Every structure is written in C-alpha cells, then in structure tokens.
Amino acid sequence: MSSKRIVVLCPGQGAQTVGMGHSWRQGSPAAARVFNEADAIVSALPSWSGMRSLSAFCVEGPASELDRTDVSQPALYTCGIACWHAMREDGLSEPLAAAAGLSLGEYTALAIAGAITFEDGLRLVAERGRLMQAAAERSNGGMVALIGADEAQASEVCAKAAEGEVLVSANFNAPGQVVLSGHATACDRAEKAASDMGLRASRLKVAGAFHSPLMAPAAEGLARALKDIEVRRPSCDVWSNVTGHRHDRDSPSSIKELLVSQLVSPVRWSQGCTDLVAAMAADGGAAFHELAPGSVLKGLMRRIDRSTEVITHDQHDQHDQHSQAKRTERATA
C-alpha cells in the first residue's frame, strides 16, 4: 500500500530482548552513531557508574540485567531512535503524520517529533527507569494480566480483591486485555477473584506495580527532572497514554504534566490507537510503522483495529526488504 504519510509506533517496556538493535547498528551508520552517542551520555550518569555500556546490555544481556527497569528503559529508547534514524538514512522519505508510544515509548515518540532532544530524552528515561526501579523495590508490588476482561470487569476484580490495599487497572492494551497493578498480596487475591468470575489471569514478571499509586515517589522525582527539560512544539501530533488522545502541541507544560501523570495513571493504549486510526483515516490515511525492537504493537493493533496494517522493523534486513518493495512499487506506479 502506497501512502504519502507515515505514523510511527514506539514500543514500551517488555519489548526488550537480548540482541535488540544489533542488526541496525551493524547495518546502518546512522544507527551506529545513535548507539555510540547513547553510550557516551549514559556512561557519564552517576547512576550508571561502574556499569557496562548501554550497547553491551542490548547486545550481550543477560536478560536478567536487560530486564531491569533502569536498564531496559534507556535501552529501548535508544534502540527505537536508532531504528528511526536508520530508516530515514535508508530512504524512508514520507512525512511524519503522527507518533505514539506505549508507556516508555511515548518518550521515543516525542523525541522523533522533535518535542525533546535525543540527549534530553535519554537522560529523562534513564532517570525515569531509576526512579521506577527504586519505587518498585520499596513497595513490594506486582501486575496481573486479565484476558477476556473489559474495563468494568477489571474494576470489579479490583473492588473484590483490594481489601484496603492498592489494586487498580493499569494498562488497557487491547480489547479483552487489561493489566492490573498494585500490592503483591492484592495481586494474589486478584488472580483468584478473576478465576471465580470466569476470567483468565496471568501474573507478569515485572519489578513492581507500574502505572499505579505505588509509583507516586517516582512521579515526584520525574516532575523534578522535567523542570530542567525544554519541551518544544512537536512537528506532528503525538498521542498521550493518559488521555488516549493527542497532546496539545501548543502547551509544553501540559505535555510535562501528562508524562508525570502517566507513572500513576492507566495506559489507555487501546483507546489511543482507536483515536489515532480514526484521525488518520479522516485526514486521508497513513502507513503505520513499528520501530524496533519486536512486533508487540503490531500484535495489539490486530486486536484493536484489524484493518490497520502495521509494518515492523525489528531487524535491519526486514527494513531492507520493505524499502526494496517500496522502490519497486514506485517504479511501476
């Protein structure tokens, strides 16, 4: 399908995998430059003292270290930005119509849209990851995925299982896929309550209760970090996880406030994608591209809007094949 505009989708935490970004770094000078710059920036952070380079975590792992929130977040951000610059260098010339990212991916989307610089974004997500890791270690929280549940059913599970502890809906990823977040003991009760209601529940292997009130200390720290960051008007619309709608491009303060709120609020990815697809359709259509790593967002889009095709770019050779197909399409058009 030929399109004059593109939408970029940026993956969030959970998409990381050992080896991510390696093919892009090996196959693209632009991607290599991004990784080299990221290594220099991150290695100078006090929180990174004594640690290996960011690239080493991406390529070598091990998964147990790459999965740490304070490592995976800057790694995913860097991998997404590197993929984007390589795609542009390799000839993807269509104008950017919109960008959206799942949780951490919202920072990647804002950087691609020019709202924040690459360096500011990297420092922010490194600090965000550090703060979230610290909050998780202090709070003994967890997350539970409910399969087949809608928002009302998820709320009912929370009401039955909270028993005075924190338990909230944290991610609305796609129709029938809601993630709860809260104290670990409340998550235990949620699994039983869900089963009693005929729902499938699966405990997630995460560090803590993300997108819940237990992340309040991290949100406070992020608000302090954002005070020193310049947020400019994005070059295209960027969708907010908190509202499920586009950010106000003329209000940098609103963008900052929503990024802080995102840490303690549910991620409305399903609603945001529905809104984004409708906006693009009303404005003449666009081609959707998912940045590296992985294809999680393509899978979610199949459940949100099956008519919307998402082109993935997990590996550099996948992009090469797509670029060749586009060149052939243009030559025969």
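Since we're looking at a predicted model, the values are computed, not measured.
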Participant: Could you check Ser181, Ser265, Ser103 and say which one makes a side-chain hydrogen bond (donor to acceptor under 3.5 Å, both in side chains) with His211?
Facilitator: Ser103
Participant: Does the side chain of Glu89 pick up a donor-acceptor pair with the side chain of Ser28 at under 3.5 Å?
Facilitator: yes
Participant: Within the side chain of Ser49, is there an N or O that forms a donor-acceptor pair under 3.5 Å with the backbone of Pro46?
Facilitator: no
Participant: Do Glu163 and His183 have a side chain donor and acceptor closer than 3.5 Å?
Facilitator: no
Participant: Search all heavy atoms of Ala97 against all heavy atoms of Met280 and return the closest pair with its distance.
Facilitator: CB-SD, 3.9 Å
Participant: Quick check: does any side chain N or O of Ser43 sit under 3.5 Å from a backbone N or O of Ala40, one acting as donor and the other as acceptor?
Facilitator: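 Answer holds: yes.
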Participant: Looking only at heavy atoms, what is the nearest atom pair of Trp24 and Ala31, with distance?
Facilitator: O-CB, 3.3 Å
Participant: Could you tell me whether the side chains of Asp305 and Thr308 share a donor-acceptor contact shorter than 3.5 Å?
Facilitator: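 Distance-only check passes for Asp305 and Thr308.
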Participant: Under 3.5 Å, side-chain donor or acceptor atoms of residues 51-61 against the rest of the protein: list the pairs with distances, not counting sequence neighbours.
Facilitator:
residue, atom, partner, partner atom, Å
Arg52, NH1, Glu60, OE1, 3.2
Arg52, NH1, Gly61, O, 3.4
Arg52, NH2, Gly61, O, 2.5
Arg52, NH2, Glu65, OE1, 3.2
Ser53, OG, Ala56, N, 3.1
Ser55, OG, Arg25, NH1, 2.9
Ser55, OG, Asp39, OD1, 3.1
Ser55, OG, Asp39, OD2, 2.7

Participant: We want to know whether Trp269 and Asn171 form a side-chain donor-acceptor pair, criterion being a heavy-atom distance below 3.5 angstrom.
Facilitator: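 No, because no side-chain N or O of Trp269 sits under 3.5 Å from a partner of the opposite role on Asn171.
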Participant: If the condition is side-chain contact (heavy atoms from CB on, under 4.5 Å), which residues does Gln133 pass it with, not counting sequence neighbours?
Facilitator: Arg68, Thr69, Asp70, Glu137, Ala207
Participant: Has Glu290 got a side-chain atom pairing as donor or acceptor with Val296's backbone, closer than 3.5 angstrom?
Facilitator: yes
